[in-house]
Amino acid sequence: MTVRVAEADFDVSEEMSRLTAGDTGIGGVALFVGKVRGEVQGEALVSMTLEHYPGMTEAELERIEGEAQCRFKLSGSLIVHRVGELKPGDNIVLVIACAPHRQDAFAAAEFLMDYLKMYAPFWKKETLASGASRWVAARASDDEAAAAWAAKSE
């Protein structure tokens, strides 16, 4: 189980190979790659800058990954989140969940992303082609996704 926050891009194939190497008990791998979109609400996006608080962010990612381990039967998992200035098309986040069976892999990957969106302390600033910039606020849909998972654990 691994979490990493980095400015450098990641290679999905290398990360998956490293996570699954030698584990013949894995029956399914589910992964999600978040990318920077080129437009926001009809406006062209020039860049997105992600900031974090070192130490606190990694600790929260580890907590989220640990919760996934408790909820699902996982063989392995990985969270890689980038920070710094990213351009449209760049990778932002990678989540991989490995399990003996696909259902746990799919559900864990979805859970990890929903909880990352809700609880991981990242601050995102969008710079638009118009020259305007703004901080990205939390979305109600992220709250709803996290609440649905919380309801499943009750």
Side-chain angles (χ1 to χ4, degrees), residues 1-20 28-72 74 76-99 104-153:
M1 314 315 144
T2 304
V3 302
R4 189 170 69 241
V5 176
E7 290 189 23
D9 197 5
F10 50 81
D11 182 305
V12 175
S13 182
E14 283 181 24
E15 297 291 351
M16 191 174 87
S17 293
R18 192 176 8 247
L19 186 62
T20 61
V29 177
L31 64 89
F32 175 84
V33 178
K35 312 272 290 178
V36 178
R37 288 184 298 266
E39 67 93 29
V40 177
Q41 299 169 347
E43 292 189 64
L45 182 78
V46 173
S47 66
M48 176 177 283
T49 303
L50 289 95
E51 297 181 5
H52 78 300
Y53 190 78
M56 181 177 79
T57 301
E58 289 85 349
E60 183 60 14
L61 296 180
E62 289 172 0
R63 185 195 69 77
I64 292 168
E65 188 177 52
E67 191 163 338
Q69 292 293 325
C70 292
R71 286 176 175 248
F72 308 99
L74 296 178
S77 58
L78 170 72
I79 300 170
V80 180
H81 207 298
R82 295 184 66 199
V83 293
E85 184 177 4
L86 304 175
K87 303 290 185 192
D90 285 351
N91 295 322
I92 301 174
V93 62
L94 170 64
V95 165
I96 302 176
C98 307
D104 278 314
F106 280 132
E110 184 176 12
F111 170 85
L112 287 167
M113 277 312 305
D114 286 344
Y115 266 49
L116 280 173
K117 293 288 285 182
M118 184 64 198
Y119 299 113
F122 290 99
W123 294 269
K124 300 174 187 172
K125 187 175 187 178
E126 298 169 335
T127 300
L128 305 172
S130 66
S133 63
R134 61 184 175 219
W135 291 99
V136 177
R139 295 188 174 125
S141 60
D142 296 336
D143 293 343
E144 293 165 6
W149 284 110
K152 290 179 183 177
S153 65

Min side-chain heavy-atom separation V5-P54 under 4.5 Å: no
For D11, all residues meeting side-chain contact (heavy atoms from CB on, under 4.5 Å), sequence neighbours excluded: S13, E14
Contact summary for G28 and A105, nearest pair of heavy atoms: O-CB, 3.7 Å
Residues that Q69 engages under side-chain contact (heavy atoms from CB on, under 4.5 Å), provided they are two or more places apart: M1, L74, S77
Among V33, T20, L78, the one residue meeting side chain to side chain contact (heavy atoms under 4.5 Å, CB included) with I96: L78
Partners meeting side-chain contact (heavy atoms from CB on, under 4.5 Å) with R134 (sequence neighbours left out): V40, Q41, E43, E126, L128
Crowding at CZ, F106 (>12 non-hydrogen neighbours, <6.0 Å): no
Stepwise side-chain contact (heavy atoms from CB on, under 4.5 Å) check, E15 with L94: CA-CA 9 Å; E15 297 291 351; L94 170 64; 3.7 Å; yes
Residue pairs fulfilling salt bridge (charged side-chain N to carboxylate O under 4.0 Å, His left out) with at least one residue in residues 76-96, sequence neighbours excluded: D9-R82, E85-K87
Residue pair V93, F32: steps toward the side-chain contact (heavy atoms from CB on, under 4.5 Å) verdict: CA-CA 8 Å; V93 62; F32 175 84; 4.2 Å; yes
Partner set under ring pair (Phe, Tyr, Trp, His ring centres under 6.0 Å) for F122, not counting sequence neighbours: H81
W123 CH2 to W135 CH2 distance, which is reported to the nearest 0.5 Å: 9.0 Å
Set of ring pair (Phe, Tyr, Trp, His ring centres under 6.0 Å) partners for Y53, sequence neighbours left out: none
Salt bridge (charged side-chain N to carboxylate O under 4.0 Å, His left out): pairs with one or both residues in residues 56-66, sequence neighbours excluded: E60-R63, R63-E67
Closest contact, heavy atoms only, L19 versus C98: CD2-SG, 3.6 Å
With K124 via side-chain contact (heavy atoms from CB on, under 4.5 Å) - residues at least two apart: M48, L50, K117, V136
Distance, nearest 0.5 Å, that separates CG of L45 from OG of S133: 11.0 Å
T2 vs I79, side-chain contact (heavy atoms from CB on, under 4.5 Å): CA-CA, chis, key distance, verdict: CA-CA 6 Å; T2 304; I79 300 170; over 6 Å; no
